Amino acid sequence: MGNTDTSTAPLFTPFTSDRLSLTNRTVMAPMTRRFSPEGVPGEDVAAYYRRRAENNVGLIVTEGTGINHPSSVSGSSIPVFYGEKALNGWAHVVKQVHEAGGKMVPQLWHVGMTRSIGDLPNKDALPVGPSGLDLSGEKVTEPMTEKEIEEMVEAYAEAAADAKRIGFDGIELHGAHGYLIDQFFWEKTNQRTDRYGGDIIGRTRFAVEVIEACRREVGPDFPIILRFSQWKMSDYGAKLASSPDELERFLKPLTEASVDIFHCSTRRFWEPEFEGSDLNLAGWTKKLTGKPVISVGSVGLDGEFTSGRGADTTSLDGLMKRLNNEEFDLVAIGRSLLKDPEWVEKIRNGKAEELLPYSRDSLKTLY
């Protein structure tokens with residue numbers, strides 16, 4: 001690892017917002033792990049998350065978990081967040097995390113039009129999206145009807161209610177990377193002319209209804225995090241907002257719908273979001289909304305995850321400078337924590353030389 005000359009102490013100060021308190025500023029980023037047969041997380045998954053809690057990760061965000069809809073995920077070993085078996089599995093996971101002193105939120109997910117026709121676990125379920133368009137803009141299915149949208153909103157709300165009931169500390173809604181909520185956000189995949197489409201504000205309508213429905217279910221004191229991104233899996237250069245003014249218009253209805261924390265997904269946290277400022281997406285989001293934000297993107301590594309290769313450990317100086325400047329409030333760590341459950345403790349104890357590099361083979365194991 002490169003020399004880290006700047007103190008990492010800011011990472012280990014407590015975080016407190018209106019609805020969430022954490023012992024430090026570290027977050028385990030959500031990362032899809034295909035280790036839940038028939039969608040049910042088992043003891044190995046519980047132990048995987050518990051190890052991070054034992055090593056003082058401030059907040060653990062689960063891998064994406066499918067809401068109660070036939071086409072919410074694309075794979076038989078991706079966990080879901082409905083049904084007695086899966087929810088009992090998640091109740092055990094969060095119990096293990098709490099026993100180790102950690103806090104945890106599930107990431108509630110629907111993959112939308114990124115699902116291929118015939119995908120498991122429900123091979124007869126067609127992919128759904130605002131306009132039936134895949135990420136390349138090609139028509140695959142019919143647009144969702146207003147009734148289908150209403151039912152989808154309720155599926156998110158049901159998952160939020162279950163998350164609170166079985167003991168989680170909040171929820172995260174996956175609205176990034178070209179999945180369902182983001183397909184409503186993005187003009188390329190949302191060609192609707194009703195109230196769920198049109199301009200950038202109209203395209204937030206679905207997410208606003210999801211957030212409001214979740215809030216009704218969980219009450220006023222339960223944290224709701226929204227993850228969003230500019231980039232898509234199919235287009236790293238995609239933009240929902242091409243200027244700060246446009247980003248402000250996008251964020252305003254989401255803020256008013258009662259998002260507590262924005263999780264601002266970028267591939268490389270150090271890259272400026274707009275010309276004329278060093279602020280990244282999280283920095284701009286905090287400036288425009290006043291809400292707490294999570295920054296993420298190749299933290300502690302010298303290569304972004306979308307490169308498809310491994311990555312070596314690297315200095316945290318740039319990250320600490322931005323955190324010291326209060327550009328963001330929390331820092332999500334992905335591949336570094338996937339490979340090394342002790343990453344946070346090693347940083348806290350000044351043992352950066354013991355950090356483990358990430359390799360693609362790391363995906364094959366629940367370390």
Side-chain angles (χ1 to χ4, degrees), residues 29-30 64 107-114 129-137 143-144 149 152 156 172-211 224-259 261-269 271-277 279-291 293-297 304 306 327-328 332:
Q107 188 188 67
L108 306 181
W109 190 29
H110 193 298
V111 301
M113 298 299 300
T114 68
S131 301
L133 306 175
D134 64 18
L135 298 192
S136 65
M144 293 175 73
I149 290 174
M152 190 70 77
Y156 277 101
E172 176 169 289
L173 298 169
H174 196 342
H177 307 162
Y179 296 116
L180 181 63
I181 292 175
D182 196 23
Q183 287 160 25
F184 276 87
F185 288 155
W186 196 26
E187 192 171 17
K188 186 171 184 177
T189 47
N190 184 349
Q191 297 290 308
R192 301 179 74 96
T193 56
D194 62 4
R195 64 198 179 101
Y196 294 101
D199 65 9
I200 195 168
I201 296 173
R203 296 196 303 273
T204 67
R205 182 71 237 164
F206 174 68
V208 164
E209 291 187 4
V210 168
I211 296 159
I224 296 177
I225 302 167
L226 176 66
R227 192 177 217 212
F228 79 100
S229 67
Q230 299 257 46
W231 68 275
K232 320 300 169 199
M233 291 184 298
S234 61
D235 184 355
Y236 298 150
K239 294 280 189 183
L240 297 176
S242 57
S243 68
D245 286 347
E246 203 168 10
L247 183 62
E248 186 171 25
R249 292 177 66 222
F250 169 75
L251 292 169
K252 187 172 187 288
L254 302 169
T255 303
E256 291 174 348
S258 83
V259 170
I261 298 172
F262 286 99
H263 189 172
C264 309
S265 180
T266 53
R267 296 168 66 217
R268 294 172 284 245
F269 76 85
E271 291 187 341
E273 193 57 44
F274 303 114
E275 287 186 16
S277 168
L279 291 177
N280 67 7
L281 184 62
W284 273 110
T285 299
K286 181 175 182 177
K287 180 177 181 177
L288 294 170
T289 67
K291 291 285 187 179
V293 295
I294 304 170
S295 189
V296 68
E304 75 278 5
T306 47
E327 292 180 23
F328 38 76

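On a predicted model such as this, the values are computed, not experimentally measured, just so you know. Side chains are part of it too, since the values below use all heavy atoms of this structure and drop only hydrogens, waters and symmetry mates.
With rounding to the nearest 0.5 Å, the separation of CD1 in I261 from OG1 in T289 is 11.0 Å. Rounded to the nearest 0.5 Å, atoms SG (C264) and CD1 (I294) are 8.0 Å apart. Here the straight-line distance linking atom NZ of K291 with atom CG of L254 works out to 11.5 Å at 0.5 Å rounding. Rounded to the nearest 0.5 Å, atoms CG (L288) and CZ (F250) are 12.0 Å apart.
At least one cation-pi condition fails for R203 and Y196: the charged atom is not both under 6.0 angstrom from the six-membered ring centre and inside a 45 degree cone around its axis.
Scanning both residues, I224 and I211, for their nearest heavy atoms gives CD1-O, 4.0 Å. Taking all atoms of both residues into account, the shortest heavy-atom contact from P30 to Q107 is CG-NE2, 3.2 Å. P253 and V208 get closest at one heavy-atom pair: O-CG2, 3.7 Å. R192 approaches P143 most closely through the heavy-atom pair NH1-CB, 4.2 Å. Pairing each heavy atom of A29 with each of A332, the nearest pair is CB-CB, 4.0 Å. Scanning both residues, G129 and L180, for their nearest heavy atoms gives CA-CD1, 3.9 Å.
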Inset, instruction - For T114 and D134, run side chain to side chain donor-acceptor pair (under 3.5 Å): C-alpha distance rounded to whole Å, both residues' side-chain angles, the deciding distance at 0.1 Å, then the answer. - result: CA-CA 6 Å; T114 68; D134 64 18; over 6 Å; no

Legend entry - CA sep, side-chain torsions, deciding dist, call: W186, L135, side-chain contact (heavy atoms from CB on, under 4.5 Å): CA-CA 10 Å; W186 196 26; L135 298 192; 4.3 Å; yes

Inset, instruction - Apply side-chain contact (heavy atoms from CB on, under 4.5 Å) to the pair V296 and H263, showing each step before the final yes or no. - result: CA-CA 8 Å; V296 68; H263 189 172; 3.9 Å; yes

Inset, instruction - Start with the C-alpha distance between F328 and F269, add both sets of side-chain angles, then the distance that settles ring-ring contact (aromatic ring centres under 6.0 Å, His included), and finish with yes or no. - result: CA-CA 11 Å; F328 38 76; F269 76 85; 7.0 Å; no

Legend entry - Audit row: V259, I225, side-chain contact (heavy atoms from CB on, under 4.5 Å) steps and yes/no: CA-CA 6 Å; V259 170; I225 302 167; over 6 Å; no

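Taking the six-membered ring for Trp and thresholds of 30 and 60 degrees, F206 and Y156 have ring planes more than 60 degrees apart, a perpendicular arrangement.
With sequence neighbours left out, the salt bridge (charged side-chain N to carboxylate O under 4.0 Å, His left out) criterion links E209 to R195, R205. K239 pairs by the salt bridge (charged side-chain N to carboxylate O under 4.0 Å, His left out) definition with E273, not counting sequence neighbours. Under the salt bridge (charged side-chain N to carboxylate O under 4.0 Å, His left out) criterion, K232 pairs with D182, not counting sequence neighbours.
Proximity of L279 to E327: side-chain heavy atoms (C-beta onward) are separated by under 4.5 Å at one or more points. Between Q191 and L133 the shortest side-chain heavy-atom distance falls below 4.5 Å. Side-chain contact check for L281 versus F228: some heavy-atom pair is nearer than 4.5 Å. Within the 4.5 Å cutoff, side-chain heavy atoms of V210 are placed close to those of L173. Side-chain contact between L240 and W231: absent, with no pair of heavy atoms (C-beta onward) separated by less than 4.5 Å. Here the side chains of L226 and E172 are not in contact, with every heavy-atom distance at 4.5 Å or above. Residues L247 and F274 form a side-chain contact, since some pair of their non-hydrogen atoms from C-beta on lies under 4.5 Å apart. Put simply, the side chain of F262 does not reach to within 4.5 Å of the side chain of R227, judged on heavy atoms.
Within 6.0 Å of atom NZ in K287, 12 or fewer heavy atoms from other residues, nucleotides or ligands are found, so the atom counts as exposed in its surroundings. Enclosure of atom CD in E187 is not indicated, since only 12 or fewer non-hydrogen atoms of other residues, nucleotides or ligands lie within 6.0 angstrom.
Residues S243 and D245 have side chains that never bring a donor and an acceptor to within less than 3.5 angstrom of each other.
A donor-acceptor contact shorter than 3.5 Å links the side chain of Q230 to the backbone of A241. Side chain of S229 to main chain of H177: a donor-acceptor pair is present (N/O by atom type, distance under 3.5 Å, no hydrogens or angles). A distance-only check finds a donor-acceptor pair linking the side chain of T189 to the backbone of Q183 [under 3.5 Å].
A salt bridge does not link E246 with R249: none of the charged nitrogens is closer than 4.0 Å to a carboxylate oxygen.
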